[in-house]
> 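Take a look at the following structure, please.
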Number of protein chains: 2
Amino acid sequence: MMSDAATPLLRIDTPPKTLREMVLERLRAAIISGHFKSGERLIERPLCDSLGVSRTVIREAMRYLEAEGLVEIQSNRGPVVASMDWDRAAQIYEIRRLLETNAARACAEKADARVKTDLRRALKALGAAYDAGETRPLFDASTDFYQTIFLAAGHDMAWDIVQRLNSRISRLRAMTLATTDRHVSGFARMTQIAEAICANDADAAGRAVETHLSEAAAIAHRLLA
Amino acid sequence: MMSDAATPLLRIDTPPKTLREMVLERLRAAIISGHFKSGERLIERPLCDSLGVSRTVIREAMRYLEAEGLVEIQSNRGPVVASMDWDRAAQIYEIRRLLETNAARACAEKADARVKTDLRRALKALGAAYDAGETRPLFDASTDFYQTIFLAAGHDMAWDIVQRLNSRISRLRAMTLATTDRHVSGFARMTQIAEAICANDADAAGRAVETHLSEAAAIAHRLLA
DNA sequence: TCCTGTCATACGGTATACCAACATGAGCGG
DNA sequence: CCGCTCATGTTGGTATACCGTATGACAGGA
């Protein structure tokens, strides 16, 4: 027999990306990075030209982005980059609070040596990104840190939700990260979280995430409201 | 002056639905109701024929359903109705637990007379649906009950998430509701929830939702695992 | 000046035809 | 039993056309 049906190691689950996946990623990245500002119309035909694809592909990508909440479709006017107000942002921070504290607790309970090294590595990268001071790597390192926690906790569905929510408050997150005092307190909080998890202390991990997030939400509130 | 800029009463905000919205709703309903079984391929052209629309519309609807997680796209094979295993279902129940207990608590804290009558009305409808014994009205009444709670709490984003999660475990929910002992305990739990909220007792409301959900999850686990 | 009606333009919503690439299963030969 | 080839079904993607709505410019009339 060749091998078992599910050999996980050389399985190709994403055979070369389709055009619409690439277009989707670019559009999403463009929105998240602020290249398209909120409220801006996304007109199909110009996008076709600049991306070099047909309307079909653009439109299908738009449906996906619509479902993600990154664009809103106005009737007979087409897609517009979604905007965010404080009320909804606050709801997002609240949902994140629930999901992230829960994930941190679960992670702390089941973290083994492997997870702990991953986490320390992610934290180290995060520290380097904080020192470097550029927004983009900081974004990525922060994402990686949380991803480590969520996946180690086995909460991949919650992680999907959190990522989606984060993409909708990307501007807010960028501004929050750029806040100067955040450079110190942010990393300190992340360190607390990592330490609590490495000590398998679920309560401490949950509390650390909670304070981290409430601080972030407070800064965001000051910036937006 | 004619009238203020925003005359709310005759404003048309949903000018007649577009074809793709109608198609989207029908396909979604067809998947949730089990008309398309999980794992089943959704082949474009037959769908075009049966729905009487063009491929464009079908394909765009599929992108949306993909983003919702109701269908999965296999490369070069197109959309397939997504399936659900217990691990992911458990994650969904866990996320619902967090969001629903939180919403119930918030609702209990800020419920006024208006909300309470709405809730009692929803509960009454729910009781009638339980007595009638048909699955579909029960589904709708249950949805309405929770919607009342979430919206009264001001948690509309969480509500969107919960609805999306529920659509992904619709089969499981249907089986759970059909379980006979659920007919008694389910309504009793819902009554507890409503009473706690009407008493503005956040802790009791949270606890009631928690037990309700953990019971539901246990039944689902028995059925699926 | 302030309406109001008209018109041209821009753009989304939908349909259709067409083609290339890939998947799959049947049949064929070894 | 295995591998090869080939026909067919289906998706991925493009190009094109047409209609309806939205919008802004403009002209005439109260």
Side-chain angles (χ1 to χ4, degrees), chain A residues 1-3 5-6 10-28 31 36-37 39-67 70-82, chain B residues 1-7 10-28 31 36-37 39-67 70-82:
Chain A
M1 181 183 293
M2 173 70 166
S3 77
L10 37 95
R11 175 65 171 278
I12 298 182
D13 46 350
T14 323
K17 271 178 218 172
T18 68
L19 251 190
R20 72 161 176 276
E21 286 173 293
M22 294 170 26
V23 167
L24 174 60
E25 284 173 19
R26 296 219 182 187
L27 288 177
R28 180 166 36 212
I31 293 174
F36 295 122
K37 297 166 187 90
E40 182 174 349
R41 283 185 67 180
L42 298 176
I43 300 174
E44 293 174 4
R45 282 171 251 243
L47 287 176
C48 293
D49 295 342
S50 57
L51 288 172
V53 297
S54 67
R55 274 181 80 198
T56 310
V57 176
I58 298 285
R59 289 178 61 86
E60 291 185 16
M62 287 302 173
R63 297 312 146 221
Y64 204 103
L65 293 173
E66 178 189 7
L70 286 181
V71 308
E72 290 163 2
I73 308 298
Q74 302 179 344
S75 50
N76 290 313
R77 299 196 69 233
V80 169
V81 178
Chain B
M1 182 181 293
M2 170 74 164
S3 75
D4 214 317
T7 316
L10 35 97
R11 174 67 168 276
I12 298 183
D13 45 351
T14 322
K17 267 178 226 180
T18 66
L19 257 188
R20 78 161 173 276
E21 286 173 295
M22 294 171 23
V23 167
L24 174 60
E25 283 172 18
R26 296 219 182 187
L27 288 178
R28 182 167 32 214
I31 292 174
F36 296 122
K37 296 164 187 93
E40 183 174 348
R41 282 184 69 180
L42 299 175
I43 301 176
E44 293 174 2
R45 276 170 252 249
L47 288 176
C48 293
D49 295 342
S50 59
L51 287 171
V53 297
S54 69
R55 275 183 76 199
T56 312
V57 175
I58 298 284
R59 289 176 61 87
E60 291 186 16
M62 287 301 173
R63 299 312 147 218
Y64 202 102
L65 293 173
E66 178 190 6
L70 286 181
V71 307
E72 290 164 2
I73 308 298
Q74 302 180 344
S75 52
N76 289 313
R77 300 196 67 234
V80 168
V81 178

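All figures in this text were calculated on a predicted structure; none of them were measured in a lab. Naming convention: chains lettered A, B, ... in sequence-line order (proteins, then strands); numbering from 1 in each chain.
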> For Ala82(B), give me all partners under side-chain contact (heavy atoms from CB on, under 4.5 Å), at least two apart in sequence or on another chain.
Glu72(B)
> Does atom CZ of Arg28(B) have more than 12 heavy-atom neighbours from other groups under 6.0 Å away?
yes
> Quick one: salt bridge (charged side-chain N to carboxylate O under 4.0 Å, His left out) partners of Arg55(B), sequence neighbours excluded?
Glu44(B)
> If you round to the nearest 0.5 Å, how far is OG1 of Thr56(B) from CZ of Arg20(B)?
11.0 Å
> Among all residues two or more places apart in sequence or in another chain, which pass the salt bridge (charged side-chain N to carboxylate O under 4.0 Å, His left out) test with Glu66(A)?
Arg63(A)
> Take Glu44(A) and Val53(B), find for each the nucleotide of DNA chain C with the closest heavy atom, and name the residue whose nucleotide sits nearer the 5' end.
Glu44(A)
> Check the distance between dG12(D)'s P and Met22(A)'s CE and give it to me in whole angstrom.
15 Å
> Does Glu25(A) have any salt bridge (charged side-chain N to carboxylate O under 4.0 Å, His left out) partners at least two apart in sequence or in another chain, and if so, which?
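Salt bridge (charged side-chain N to carboxylate O under 4.0 Å, His left out) list for Glu25(A), sorted by chain: Lys17(A).
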> If only side-chain N and O atoms of Arg77(A) are considered, is one of them under 4.0 Å from the OP1 or OP2 phosphate oxygen of dT23(D)?
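Arg77(A) to dT23(D) OP1/OP2: side-chain N or O found under 4.0 Å.
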> If you walk 5' to 3' along DNA chain C, what is the first nucleotide with an atom under 4.0 Å of a heavy atom in chain B, and what is the last?
dG13(C) to dT24(C)
> OG/Ser54(A) to CZ/Arg45(A) distance, rounded to the nearest 0.5 angstrom?
12.0 Å
> Can you work out whether Arg45(A) or Gly52(A) has the more 5'-proximal nearest nucleotide on DNA chain D?
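Looking at DNA chain D, the more 5' nearest nucleotide goes with Gly52(A).
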> Nearest 0.5 angstrom please: Leu24(A) CG to Leu19(A) CG, how far?
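It comes to 12.0 Å.
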> Using heavy atoms and a sub-4.0 Å distance, could you list which residues of residues 54-66 of chain A are near DNA chain D? By number, please.
Ser54(A), Arg55(A), Thr56(A), Val57(A)
> Using a heavy-atom cut-off of under 4.0 Å over every strand shown, decide if Arg20(A) touches base, sugar-phosphate, or nothing.
sugar-phosphate
